[in-house]
Structures are given as C-alpha cells and as structure tokens.
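In this text, all values refer to a predicted model and were calculated from it rather than measured experimentally. Throughout, numbering of the chain's residues begins at 1 and tracks the sequence.
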Amino acid sequence: FKIDDQRFYGIVECTYAETRERVQVAGAERSQAPGFESAGEYKCAAQKIKMLKHSAAALRAKLASKATDGASYGNVRFEGVYQFIEPGIEPQKVESHLCTYKGLSASAATGPDPLYDEIEIQPRYLGINGKYLFDATEGLP
C-alpha cells in the first residue's frame with residue numbers, strides 16, 4: 001500500500017468493493033419489458049487492510065503528520081494505491097481516491113504469530129488499472 005510516495009509493508013490481506021446500482025424502467029411498450037435503465041448510483045465500500053501492527057502505526061503516523069494539529073489522523077484525506085504482482089499476469093493496480101481513515105480492529109495474543117491490525121479506510125471512488133465503474137466522460141469526481 002502506498003500513500004504519497006511512502007510504501008507500507010507487511011500487508012497480509014486487503015478487501016475492496018464497488019457497485020453501481022441501476023434501475024430498469026419499463027416503457028409504454030406492448031412487451032412491458034424495460035425500455036432503458038438509469039445511469040445508476042455509484043457506491044464504494046470501506047476497505048479493510050490487515051497489516052503488521054508496526055506498519056499500521058506508521059500509516060497512522062503518516063496521516064497524523066498531514067493533519068493541521070499533527071495528531072488527528074481521522075480527518076486527513078489521502079490517495080492510496082495497492083499493486084498486486086503475480087507471475088504470469090499483468091500487474092494489477094487499485095487506486096483509492098479521496099480516502100479517510102475510518103476505523104480499527106485489533107487484538108494481541110501471545111504465540112509465534114506476528115501481531116496484526118485491521119484498519120478500515122473509506123475511499124470516495126476506485127480506479128482499477130486506470131478504469132472506472134462509473135461514467136467518467138465528464139471527468140473524475
């Protein structure tokens with residue numbers, strides 16, 4: 001995961017989702033089949049990033065450094081990028097735009113496993129490999 005030009009390592013899982021809900025409209029046609037559908041409403045779900053505790057702390061510190069008081073990371077807007085690279089496929093790039101830090105789920109336990117935080121960020125919209133689910137003909141939000 002990358003914010004500005006800083007990379008954050010130790011990510012073991014991330015989830016993201018987007019939808020475009022459209023309504024089909026039946027016209028005054030004999031078949032009563034939908035004649036068209038609405039442009040739809042775009043929604044971007046909160047993303048969950050499971051990462052090593054020290055990486056999550058570094059991410060919060062980075063956001064806090066961008067805040068006016070140097071401590072409040074919850075109001076800072078930022079751009080984030082995931083890039084997935086697997087042998088045999090093109091690199092996959094997910095851009096998270098106009099994000100805010102939404103929340104944290106964490107636990108700590110003894111044992112051989114490393115400690116993780118699961119943070120939630122709320123993007124306003126996603127770009128996946130430079131493509132957008134919504135209609136971007138008039139520009140991006």
Side-chain angles (χ1 to χ4, degrees), residues 1-29 31-141:
F1 192 70
K2 187 174 172 183
I3 296 175
D4 296 333
D5 286 327
Q6 184 175 348
R7 293 177 190 221
F8 297 89
Y9 297 96
I11 295 173
V12 296
E13 184 179 348
C14 60
T15 63
Y16 53 94
E18 62 181 346
T19 59
R20 185 173 175 187
E21 298 174 10
R22 297 175 181 227
V23 175
Q24 293 186 341
V25 180
E29 299 176 22
S31 68
Q32 291 298 307
F36 66 95
E37 59 187 11
S38 70
E41 180 179 23
Y42 176 82
K43 293 181 182 178
C44 190
Q47 298 175 352
K48 293 183 180 181
I49 307 170
K50 185 177 179 180
M51 60 196 314
L52 293 169
K53 275 196 178 291
H54 72 275
S55 293
L59 188 144
R60 286 188 293 274
K62 169 70 172 180
L63 295 178
S65 75
K66 297 173 70 142
T68 54
D69 65 359
S72 304
Y73 56 87
N75 288 336
V76 175
R77 290 234 178 255
F78 61 95
E79 304 287 306
V81 176
Y82 300 104
Q83 189 168 14
F84 308 98
I85 301 172
E86 293 184 49
I89 66 167
E90 294 287 324
Q92 302 296 301
K93 184 177 180 181
V94 178
E95 298 169 301
S96 303
H97 296 281
L98 302 170
C99 301
T100 53
Y101 189 103
K102 184 176 178 180
L104 167 69
S105 295
S107 65
T110 60
D113 294 336
L115 298 178
Y116 296 102
D117 280 355
E118 185 175 83
I119 64 171
E120 273 189 86
I121 62 172
Q122 180 63 62
R124 198 166 296 163
Y125 66 98
L126 299 179
I128 301 175
N129 292 333
K131 309 290 188 278
Y132 302 94
L133 176 59
F134 55 85
D135 183 353
T137 55
E138 295 182 10
L140 299 174

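Between the CZ atom in Arg20 and the CD atom in Glu41 there is a gap of 11.5 Å [rounded to 0.5 Å]. Atoms CD and CD1, from Gln47 and Ile119 in turn, are 9.5 Å apart once rounded to the nearest 0.5 Å. How far OH of Tyr116 is from OG of Ser55: 10.0 Å, rounded to the nearest 0.5 Å.
In plain terms, the two heavy atoms of Ile85 and Pro91 that are nearest each other are CG1-CB, 4.1 Å. Between Tyr132 and Gly127, the closest heavy-atom pair is CE2-CA, 3.4 Å. Closest non-hydrogen pair, Glu18 versus Ile128, comes out as OE2-CD1, 3.6 Å. The two residues Ala46 and Glu120 make their nearest non-hydrogen contact at CB-OE1, 3.5 Å. Between Leu126 and Cys44, the shortest heavy-atom distance links the atoms CG-SG, 3.6 Å. Counting all heavy atoms, side chain and backbone alike, Cys99 lies closest to Ile121 at SG-CD1, 4.3 Å.
Counting heavy atoms from C-beta outward, Arg124 and Arg77 have side chains that approach closer than 4.5 Å. Using a 4.5 Å heavy-atom cutoff, the side chains of Ile3 and Leu63 are in contact. Annotation: side chain of Phe84 is in contact with side chain of Val94 (closest heavy-atom distance under 4.5 Å). At least one side-chain heavy atom of Arg60 sits under 4.5 Å from a side-chain heavy atom of Leu104. Side-chain contact check for Lys62 versus Phe78: every heavy-atom pair is 4.5 Å or farther apart. A 4.5 Å side-chain heavy-atom check between Tyr73 and Leu59 finds every atom pair outside the cut-off.
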task: Would you sort out whether Tyr42 and Tyr125 count as a ring-ring contact (aromatic ring centres under 6.0 Å, His included), showing the intermediate values?
output: CA-CA 8 Å; Tyr42 176 82; Tyr125 66 98; 7.3 Å; no
message: Test side chain to side chain contact (heavy atoms under 4.5 Å, CB included) on Thr19 and Glu21; report intermediate values, then the result.
response: CA-CA 6 Å; Thr19 59; Glu21 298 174 10; 4.1 Å; yes
task: Carefully, step by step, assess Asn75 and Ser72 under the rule side chain to side chain donor-acceptor pair (under 3.5 Å).
output: CA-CA 7 Å; Asn75 288 336; Ser72 304; over 6 Å; no
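Evaluation of the side chain to side chain contact (heavy atoms under 4.5 Å, CB included) rule for Ile11 yields Phe1, Ile49, Met51 as partners, not counting sequence neighbours. Scanning for salt bridge (charged side-chain N to carboxylate O under 4.0 Å, His left out) contacts around Lys53 gives Asp117, with sequence neighbours left out.
No more than 12 heavy atoms of other residues, nucleotides or ligands lie within 6.0 Å of NZ in Lys48, so this atom counts as exposed by the packing criterion. In Gln6, the CD atom is crowded: over 12 heavy atoms of neighbouring residues, nucleotides or ligands sit closer than 6.0 Å. Atom CD of Glu37 sits in a crowded spot, with more than 12 heavy atoms from other residues, nucleotides or ligands closer than 6.0 Å.
Remark: the backbone N or O of Pro123 is not paired with any side-chain donor or acceptor of Ser96 at under 3.5 angstrom.
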